[in-house]
Colleague: 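The structure follows.
Atoms considered below: every heavy atom in the structure, side chains included; atoms not considered: hydrogens, waters and symmetry mates.
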Amino acid sequence: MEDVSSCVKGNMAFAQKDFSGAIKHYTEALEDDEENVVVLCNRSAAYYEMELYKTSLKDAEAAATLDPFCIKALDRKATALTALGRAKEAQKAWTDALFVGGDLEVYMDIVSRLTGQPISKSAPTTPAQAAP
């Protein structure tokens, strides 16, 4: 097997639910590029899966600071905040994500989390539905 990047190794470990292994590989990837937003988001997700919510939030916030238009970073931040019982802050992060842009499925997922209501893929998403 050819040399595989630490990020790819992290993704493979994550897919196998080896979250501590994923964190190890993502951390190695960040040693090469400490401002890699994708890797920070991925490591945030791995920390979240290990129920290390404060650490997950730290990586998500770092990613969102580096790229304020990264919807995945904002979603990771909101998810970690929710797990920490900080619902108002989570709602703000998800609301911020709505204004960033992205694909419709991401929007529908965020609106569903904000409203606590499942959103049908065939239903139109209007600003009224996105209101908190």
Side-chain angles (χ1 to χ4, degrees):
M1 180 184 214
E2 288 186 26
D3 183 35
V4 179
S5 76
S6 294
C7 183
V8 171
K9 289 178 185 177
N11 292 346
M12 292 182 338
F14 191 96
Q16 295 172 351
K17 299 192 184 306
D18 175 11
F19 303 117
S20 62
I23 290 166
K24 174 185 170 274
H25 293 299
Y26 293 141
T27 300
E28 290 170 0
L30 288 166
E31 289 171 5
D32 294 333
D33 180 6
E34 64 188 29
E35 295 186 351
N36 188 316
V37 173
V38 172
V39 176
L40 282 165
C41 286
N42 290 353
R43 190 172 71 173
S44 173
Y47 280 129
Y48 181 86
E49 292 296 330
M50 293 188 67
E51 299 181 5
L52 298 170
Y53 304 127
K54 287 182 181 179
T55 310
S56 175
L57 177 60
K58 181 179 173 189
D59 274 359
E61 287 178 328
T65 298
L66 289 167
D67 183 358
F69 300 104
C70 179
I71 198 165
K72 185 184 277 190
L74 295 170
D75 183 54
R76 297 270 191 260
K77 178 179 176 179
T79 302
L81 286 165
T82 299
L84 291 167
R86 295 163 58 182
K88 265 194 161 172
E89 292 171 82
Q91 185 175 10
K92 182 185 179 328
W94 275 319
T95 302
D96 291 347
L98 286 172
F99 295 102
V100 167
D103 68 36
L104 184 58
E105 284 196 39
V106 173
Y107 278 114
M108 291 185 338
D109 183 52
I110 291 168
V111 170
S112 177
R113 291 181 196 198
L114 281 170
T115 63
Q117 305 276 327
I119 305 295
S120 168
K121 289 185 180 186
S122 62
T125 303
T126 64
Q129 288 176 306

Colleague: Sequence neighbours excluded, which residues qualify as side-chain contact (heavy atoms from CB on, under 4.5 Å) partners of Thr65?
Modeller: none
Colleague: Heavy atoms only: give me the nearest Ile71-Ala97 pair and the separation to one decimal.
Modeller: CD1-O, 3.6 Å
Colleague: Quick one: list whatever passes salt bridge (charged side-chain N to carboxylate O under 4.0 Å, His left out) with Glu34, sequence neighbours left out.
Modeller: none
Colleague: Does Val38 have any side-chain contact (heavy atoms from CB on, under 4.5 Å) partners at least two apart in sequence or in another chain, and if so, which?
Modeller: Asn36, Asn42
Colleague: Glu49: which residues meet the side-chain hydrogen bond (donor to acceptor under 3.5 Å, both in side chains) condition with it, sequence neighbours left out?
Modeller: none
Colleague: Applying side-chain contact (heavy atoms from CB on, under 4.5 Å), name anything that partners Ala80, two or more places apart in sequence or on another chain.
Modeller: Ser56, Leu57
Colleague: Checking Asp59 now: which residues fulfil side-chain hydrogen bond (donor to acceptor under 3.5 Å, both in side chains) with it, not counting sequence neighbours?
Modeller: Arg43
Colleague: Give the minimum heavy-atom separation between Ala73 and Ala63, together with the two atoms involved.
Modeller: CB-CB, 3.7 Å
Colleague: Filter on salt bridge (Lys or Arg N to Asp or Glu O under 4.0 Å), then keep only pairs touching residues 22-31, sequence neighbours left out; what's left?
Modeller: Lys24-Glu28
Colleague: Can you pull out every salt bridge (Lys or Arg N to Asp or Glu O under 4.0 Å) where at least one residue sits in residues 69-86? Sequence neighbours excluded, please.
Modeller: Asp75-Arg113, Arg86-Glu89
Colleague: Supply the atom-to-atom distance Leu81 CG to Lys92 NZ, rounded to the nearest 0.5 angstrom.
Modeller: 11.0 Å
Colleague: Filter on ring pair (Phe, Tyr, Trp, His ring centres under 6.0 Å), then keep only pairs touching residues 20-52, sequence neighbours left out; what's left?
Modeller: Tyr48-Tyr53
Colleague: Evaluate the side-chain proximity of Asn11 to Cys7: yes if any heavy-atom separation is below 4.5 Å, no if none is.
Modeller: yes
Colleague: List the atom of Ala13, the atom of Ala22, and the distance in Å for their closest heavy-atom pair.
Modeller: CB-N, 3.5 Å
Colleague: Go through it in stages, so that I can follow the logic: the residues are Thr82 and Trp94, the test is side chain to side chain contact (heavy atoms under 4.5 Å, CB included), and I'd like the CA-CA distance, side-chain angles, deciding distance and then a yes or no.
Modeller: CA-CA 11 Å; Thr82 299; Trp94 275 319; 3.5 Å; yes
Colleague: My understanding is that only residues two or more places apart in sequence, or in another chain, count here; which of them pass side-chain contact (heavy atoms from CB on, under 4.5 Å) with Leu66?
Modeller: Glu35, Val37, Leu40
Colleague: Partners of Lys58 by salt bridge (charged side-chain N to carboxylate O under 4.0 Å, His left out), sequence neighbours excluded?
Modeller: none
Colleague: Please answer: with hydrophobic residues joined when any side-chain heavy atoms are less than 4.5 Å apart, are Phe69 and Leu74 in the same cluster?
Modeller: yes
Colleague: Measure the spacing between CG of Asp33 and OG of Ser5 and express it to the nearest 0.5 Å.
Modeller: 11.5 Å
